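From a predicted model like this one, the values you see are computed outputs, not experimental measurements.
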Amino acid sequence: VQLQASGGGLVQAGGSLRLSCTVSGFTRDYYAIGWFRQAPGKEREAVACIKTNDGNIRYTDSMKGRFTISRDNAKNTVYLQMNSLKPEDTAVYYCATAWLPRPISPCRTVEASYEYWGQGTQVTVSS
């Protein structure tokens, strides 16, 4: 299984970025993909997750409003649209996949649920 995260970069405060995460080699019919981030000197935190079968979405409360997760199953790609970016959003953003016990199981923004991780993409927001 490989996850390729891309789309990071340097942006001014108030700007937008769209991150992409393309998954390959994953043979399960349904699973969750989550976005996480890790700022310098801080622990990794969850941003949002989405299921590949029914599009169920969950956001960490602090991420609601400015971040939008979406998917394109035909491309095996999940996106994270980030708007009104702030310097405190500066971090390495990671995507990861999680096994779901049943098709109706909701996705979870719990890091321990995720088994395969991408390499991360750096997002830097200047003030």
Could you go through the side chain to side chain contact (heavy atoms under 4.5 Å, CB included) check for Tyr116 and Val23 one step at a time? CA-CA 10 Å; Tyr116 297 106; Val23 180; over 6 Å; no
Taking it one step at a time, do Phe36 and Glu111 satisfy side chain to side chain contact (heavy atoms under 4.5 Å, CB included)? CA-CA 8 Å; Phe36 297 80; Glu111 184 174 338; 4.0 Å; yes
Does Gln119 use its side chain to pair, donor to acceptor, with the backbone of Ala5 at less than 3.5 Å? yes
Distance in Å, Ser127 OG paired with Glu88 CD, rounded so as to fall on 0.5 Å steps: 10.0 Å
Closer than 3.5 angstrom, by distance alone: can the side chain of Arg44 be matched with the main-chain N or O of Gln38 as a donor-acceptor pair? no
Side chains of Asn83 and Ser16 only: does a donor on one sit below 3.5 Å from an acceptor on the other? yes
Backbone N or O of Asp54 within a donor-acceptor pair of the Tyr30 side chain at under 3.5 Å? no
How far apart are the closest heavy atoms of Asp89 and Arg66, and which atoms are they? OD2-NH1, 2.7 Å
Shared hydrophobic cluster for Tyr79 and Ile33 (ILVMFWY, side-chain gaps under 4.5 Å): no
Would you kindly confirm whether Val92 and Ile69 end up in one hydrophobic cluster when ILVMFWY residues are joined by side chain heavy atoms under 4.5 Å apart? no
Measuring from Glu45:CD to Thr109:OG1, what's the distance to the nearest 0.5 Å? 10.5 Å
Working for side chain to side chain contact (heavy atoms under 4.5 Å, CB included), residues Arg37 and Met63: CA-CA 11 Å; Arg37 70 182 187 182; Met63 308 296 176; 3.4 Å; yes
Would you say the side-chain atoms of Thr60 pair up with the backbone N or O of Ala46, donor to acceptor, closer than 3.5 Å? yes
Same hydrophobic cluster for Val78 and Tyr94, using side-chain heavy-atom links shorter than 4.5 Å among ILVMFWY? no
Quick one: does Asn56's side chain have a donor or acceptor within less than 3.5 Å of a partner on Cys107's backbone? yes
Does the Thr124 side chain pair with the main chain of Thr90, one donor and one acceptor, at a distance under 3.5 Å? no
Would you say the rings of Phe67 and Trp35 are close, in the sense that their centroids are separated by under 6.0 Å? no
Can you tell if the side chain of Arg58 reaches within under 4.5 Å of the side chain of Lys64, non-hydrogen atoms only? no
Determine whether more than 12 heavy atoms belonging to other residues, nucleotides or ligands lie under 6.0 Å from atom CG of Leu10. yes
To the nearest 0.5 Å, what is the distance between OG on Ser105 and CH2 on Trp99? 7.5 Å
Leu3 to Cys21 - nearest heavy-atom pair and separation: CD2-SG, 3.8 Å
Between Cys49 and Tyr114, which heavy-atom pair has the shortest distance, and what is it? CB-OH, 3.2 Å
Looking at Leu19 and Tyr93, what are the two nearest heavy atoms and their distance? CD1-CB, 3.5 Å
Starting at CH2 of Trp117, measure out to OG1 of Thr97 and round the result to the nearest 0.5 Å. 9.5 Å
What's the spacing between Leu80 CG and Leu17 CG if we round to 0.5 Å? 9.5 Å
Looking at Leu100, is its backbone amide N or carbonyl O close enough to the side chain of Lys51 to form a donor-acceptor pair, meaning the two atoms are under 3.5 Å apart? no
Do the two ring centres, one from Phe26 and one from Tyr31, sit under 6.0 Å apart? yes
Just by distance, do the side chain of Asn53 and the backbone of Pro103 share a donor-acceptor pair under 3.5 Å? yes
Does the Asn73 side chain pair with the main chain of Thr52, one donor and one acceptor, at a distance under 3.5 Å? yes
Testing the 3.5 Å rule here: is there a donor-acceptor pair between the side chains of Ser20 and Thr77? no
